[in-house]
Protein chains: 2
Amino acid sequence: MSTSNAGGPLTPERILEAADETLRRFGPAKTTVVDVARALGVSHGSVYRHFPTKADLRDAVVDRWLQRMHPSLAAVADGEGAAAERVRLVLWTLAETKWTQAREDPEFFTAFAELAEDARTPVVAHVDFVVVQLTKVIAEGVARGEIASADPKTTALAVFDATAKFHNPAARSEWVRPAIDEAFANVWRLLRDGLLPRGVRGVGESG
Amino acid sequence: MSTSNAGGPLTPERILEAADETLRRFGPAKTTVVDVARALGVSHGSVYRHFPTKADLRDAVVDRWLQRMHPSLAAVADGEGAAAERVRLVLWTLAETKWTQAREDPEFFTAFAELAEDARTPVVAHVDFVVVQLTKVIAEGVARGEIASADPKTTALAVFDATAKFHNPAARSEWVRPAIDEAFANVWRLLRDGLLPRGVRGVGESG
DNA sequence: CAGCTGACAGATTTCAAGTTTTGTCATTCG
DNA sequence: CGAATGACAAAACTTGAAATCTGTCAGCTG
């Protein structure tokens, strides 16, 4: 290739950018390391200088995708308002973001979900991040007397698990149902009533 | 084959029995209609006389497998004791049964899960059955003042959805974690507190 | 001499030809 | 006469030889 070195020195970041684009264009099944190298105008040997294996490169791309969601989740977690409502918003944002992606670009989302299935490490990191956000909010809620919980971290994991159907890509086939947001609302009502201290009723919603 | 007609007339039930065995023996990928017919000592044309397509035959086998779980679920739902505890037992039985199958015969359970993925109709029927059991118990609990719910059916679906991670075969990869029953207990505590009427505390458990 | 290349071995994937399977139905069997 | 057969066409799978890809590394290049 004659495009050698166009765009500055070869960095992990540039490789990730190219890998991301290539994966989106060709899909995970058709993307080769040679494709990524070609997009950068380098030989595939150079890519291996920065990522030990193709699997590591793919994991790093998945990591990027997952981390792109983190700022808005953290913003919601650190926002104003009642603790329970912020817990709901974190879970809702997590789910809604994925539903939208899955609806707007189903092909890409399927590709992403397949990729993520193998990418244990970044997924664990993502789950950890979300659970940390939930734990923060719940701990604050407990301190303020807005939430009943003996152990915020355990409770955070429980609400995360209880809403798995709405944010775990493995369940994405059920997201096409238009009533999926109603299902979320109904699960949430139950969880909210479980979170609120005894004697406090949920506000702004009937039932 | 010379074994013609051994075992009485060819009925859907006998075909299902043979299909079940053959699927267990060879797995879903390797089982052909000819295999099933051979096990019965008939031609494959005879099988098509009772099931219009191979997919219908497979669905019927999945249906059998799922329905085998129903008596114990109904027994638990119709049992004695507090409504909330019976809701827990239905969900627990549903989950535990599947965990055990998945652990004791992982190959078969994977095969079953793959089969079930395509078998929309029997799975919907199974989910409906479980939700009906839960609805019964919750409605009774509401009548007795043990459970707070504006609409038992909606609440039943919500507790079913909230425990999807524990009974949906799509999530089976997470069932190997030994702490999975702890995760169930933590989700349940939250749901139970959401089900109980305000002013009532869960009994027999701290936190 | 740091960063990159490209030839290479072994692993994996593709593709086209050959085989098996599904589903139908005219015919046979009891 | 109803139930079962098996020959058949089309679709779906298997197979294995050829092509491509991954990961390494000795050497090149700026």
Side-chain angles (χ1 to χ4, degrees), chain A residues 1-62 110-111 114-115 117-119 121, chain B residues 1-62 111 114-115 117-121:
Chain A
M1 278 280 124
S2 50
T3 339
S4 65
N5 210 24
L10 192 57
T11 59
E13 187 46 46
R14 280 188 61 219
I15 296 175
L16 282 177
E17 189 57 44
D20 188 326
E21 266 175 45
T22 310
L23 279 167
R24 279 172 196 275
R25 187 116 67 91
F26 299 163
K30 292 284 174 201
T31 296
T32 73
V33 176
V34 174
D35 290 332
V36 175
R38 190 167 24 236
L40 289 158
V42 301
S43 80
H44 74 283
S46 300
V47 172
Y48 279 103
R49 178 161 283 288
H50 296 275
F51 293 91
T53 68
K54 187 189 187 183
D56 286 310
L57 176 55
R58 293 191 332 178
D59 281 8
V61 173
V62 170
T110 302
E114 277 164 19
L115 230 41
E117 235 157 83
D118 301 335
T121 318
Chain B
M1 278 283 119
S2 50
T3 339
S4 65
N5 212 23
L10 192 58
T11 60
E13 187 47 45
R14 280 188 61 220
I15 295 174
L16 282 179
E17 189 57 44
D20 189 324
E21 268 174 43
T22 310
L23 279 166
R24 280 172 196 274
R25 186 116 67 89
F26 299 164
K30 291 286 174 203
T31 296
T32 73
V33 176
V34 175
D35 289 333
V36 175
R38 189 166 27 235
L40 288 159
V42 300
S43 78
H44 75 281
S46 301
V47 172
Y48 278 102
R49 178 160 282 289
H50 297 274
F51 293 91
T53 67
K54 187 190 186 181
D56 285 311
L57 176 54
R58 293 194 330 179
D59 281 9
V61 173
V62 170
E114 276 164 20
L115 231 41
E117 235 157 83
D118 301 335
R120 295 278 106 233
T121 319

Can you name the closest pair of heavy atoms from A:Arg14 and A:Pro9 and give their distance?
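In terms of heavy atoms, the two residues are closest at NH1-O, 3.1 Å.
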
For A:Ala60 and A:Phe51, work out which heavy atoms get closest and say how close.
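Residues A:Ala60 and A:Phe51, closest heavy atoms: CB-CE2, 3.9 Å.
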
Option among B:Val36, B:Thr31, B:Thr32 that satisfies the side-chain contact (heavy atoms from CB on, under 4.5 Å) test with B:Val34:
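One option only clears the test, and that one is B:Thr32.
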
Figure out the [atom1]/[atom2] separation between [X] and [N], and round it to whole Å.
X	N	atom1	atom2	result
A:Arg38	D:dT22	CZ	P	11 Å
B:Ile15	D:dA3	CD1	P	12 Å
A:Leu57	D:dC21	CG	P	15 Å
B:Arg58	C:dT22	CZ	C1'	13 Å
B:Leu10	D:dA4	CG	P	5 Å

Interatomic distance, [X] atom [atom1] to [Y] atom [atom2] [nearest 0.5 angstrom]:
X	Y	atom1	atom2	result
B:Leu40	B:Thr11	CG	OG1	9.0 Å
A:His50	A:Leu16	NE2	CG	11.0 Å
B:Leu115	B:Asp59	CG	CG	8.0 Å
B:Leu57	B:Leu23	CG	CG	7.5 Å
A:Thr110	A:Glu114	OG1	CD	6.5 Å

Between C:dT5 and A:Ser46, is there an OP1 or OP2 to side-chain N/O distance shorter than 4.0 Å?
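Yes, such a contact exists.
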
Could you run down the sub-3.5 Å N/O contacts of the protein with nucleotides 25-30 of chain C?
none

Looking only at the side chain of A:His50 (C-beta and beyond, no hydrogens), which of the listed nucleotides D:dG23, C:dC4, D:dA4 gets closest?
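Minimum distance to the A:His50 side chain belongs to C:dC4.
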
A:Lys54, nearest nucleotide to its side chain (from C:dG23, D:dT5, D:dG23)
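Looking only at heavy atoms from C-beta outward on A:Lys54, the closest nucleotide is D:dG23.
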
Looking at A:His44 and D:dG23, is any side-chain donor or acceptor paired with a base atom of the opposite kind under 3.5 Å?
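Such a pair exists between side chain and base.
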
Going by number, which of residues 25-33 of chain A have a non-hydrogen atom under 4.0 Å from DNA chain D?
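The stretch gives A:Thr32, A:Val33 as the residues lying under 4.0 Å from the strand, ordered by number.
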
A:Val62 side chain near A:Arg58 side chain, heavy-atom distance below 4.5 Å
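The answer is no; the side chains never approach within 4.5 Å.
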
